[in-house]
Amino acid sequence: MRLHAIPHSTNVHRVQIALALKGLDAELVQHAVADRSAIRALSGQDLVPVLETDEGEILTDSMPIVAWIDARWPEPHRLYPEDPKARREIEAFVDFFNFVWKVPPNAIDAARGTDEPRVAGWRAQLSAWQSGFDALLHDRPFLFGDEVSAADVCAYPFLRFATSSDPSDDDLFHGILKDSLPALPRLSAWVNRMANTTDVRDAKNL
Ligand SMILES: N[C@@H](CCC(=O)N[C@@H](CS)C(=O)NCC(=O)O)C(=O)O
């Protein structure tokens with residue numbers, strides 16, 4: 001398999017984590033941020049991740065790629081549980097994260113320097129959601145239970161910036177996350193747990 005990426009991509013990181021959890025390897029193909037021509041030629045769109053499977057399929061969009069990996073390699077355990085109720089809860093979390101949670105960081109990016117009251121409002125929203133994630137971790141190690149699930153894979157590449165102190169990471173979007181996400185205790189412990197569980201090395205270069 002070949003995984004197409006750009007440097008510092010949070011959405012690529014999700015796929016790398018899923019591959020690591022399944023004990024799989026994929027060749028990482030890094031593209032320049034400013035030149036998406038090869039990605040477009042391969043997949044018909046400009047965004048990463050793009051996964052080229054061994055059968056020659058071209059897959060786009062991080063969480064559908066994670067779901068594809070999970071269905072194809074269910075061992076050592078499912079990231080999307082087979083039980084329909086548990087699966088639906090995790091799918092709902094993933095939809096919330098992709099379609100709702102991602103709005104404020106992008107809005108902060110757009111409004112920064114021009115509309116500080118709105119920026120403060122978006123930051124307050126992100127901070128409140130941190131408390132909600134922290135509450136999910138009461139008495140359990142991962143967001144939806146005792147095992148890592150697709151919810152953890154979805155959120156970790158973004159929420160890990162709550163505890164990041166890497167001065168060499170000058171990515172603008174990561175800076176917004178660092179400034180906006182309080183490092184609450186259970187959430188910080190989860191970030192460490194995820195880093196150890198997934199064992200994805202060199203994550204800052206993804
Ligand atoms: N829904 C897509 C979003 C992919 C996405 O936004 N990828 C970013 C990198 S993290 C990208 O390619 N951005 C380039 C751009 O916006 O020009 C997914 O989850 O994979």
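Reckoned from all heavy atoms, side chains included, excluding hydrogens, waters and symmetry mates. Both counts, for ligands and for their atoms, begin at 1 and track the order of listing. Computed from a predicted structure; not experimentally measured.
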* Asked: Can you check side-chain hydrogen bond (donor to acceptor under 3.5 Å, both in side chains) on His138 and Arg186, steps first, answer last?
  -> CA-CA 7 Å; His138 257 285; Arg186 275 177 289 266; 3.3 Å; yes

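Taking any N or O of Val48, backbone or side chain, at least one lies under 3.5 Å from an N or O belonging to ligand 1. Between Ser62 and ligand 1, a contact under 3.5 Å exists for at least one N or O pair. Residue-to-ligand polar distances keep Ser9 apart from ligand 1: every N/O pair is separated by 3.5 Å or more.
In this structure, atom 5 (C) of ligand 1 lies nearest to the protein heavy atom Asn11 ND2, 3.4 Å. Shortest contact from atom 16 (O) of ligand 1 to any protein heavy atom: Leu47 CD2, 3.7 Å. Protein heavy atom in closest approach to atom 17 (O) of ligand 1: Arg36 NH2, 3.5 Å. Looking only at heavy atoms of the protein, atom 18 (C) of ligand 1 is closest to Asp61 OD1, 3.0 Å.
No side-chain N or O of Trp190 forms a donor-acceptor pair with one of Asp134 less than 3.5 Å apart. For the residue pair Arg193 and Asn196, no side-chain donor N or O sits within less than 3.5 Å of a side-chain acceptor on the partner. Using a 3.5 Å distance cut-off with no hydrogens or angles, the side chains of Ser37 and Asp35 do pair a donor with an acceptor.
Of the heavy atoms in Met63, none comes closer than 4.0 Å to ligand 1.
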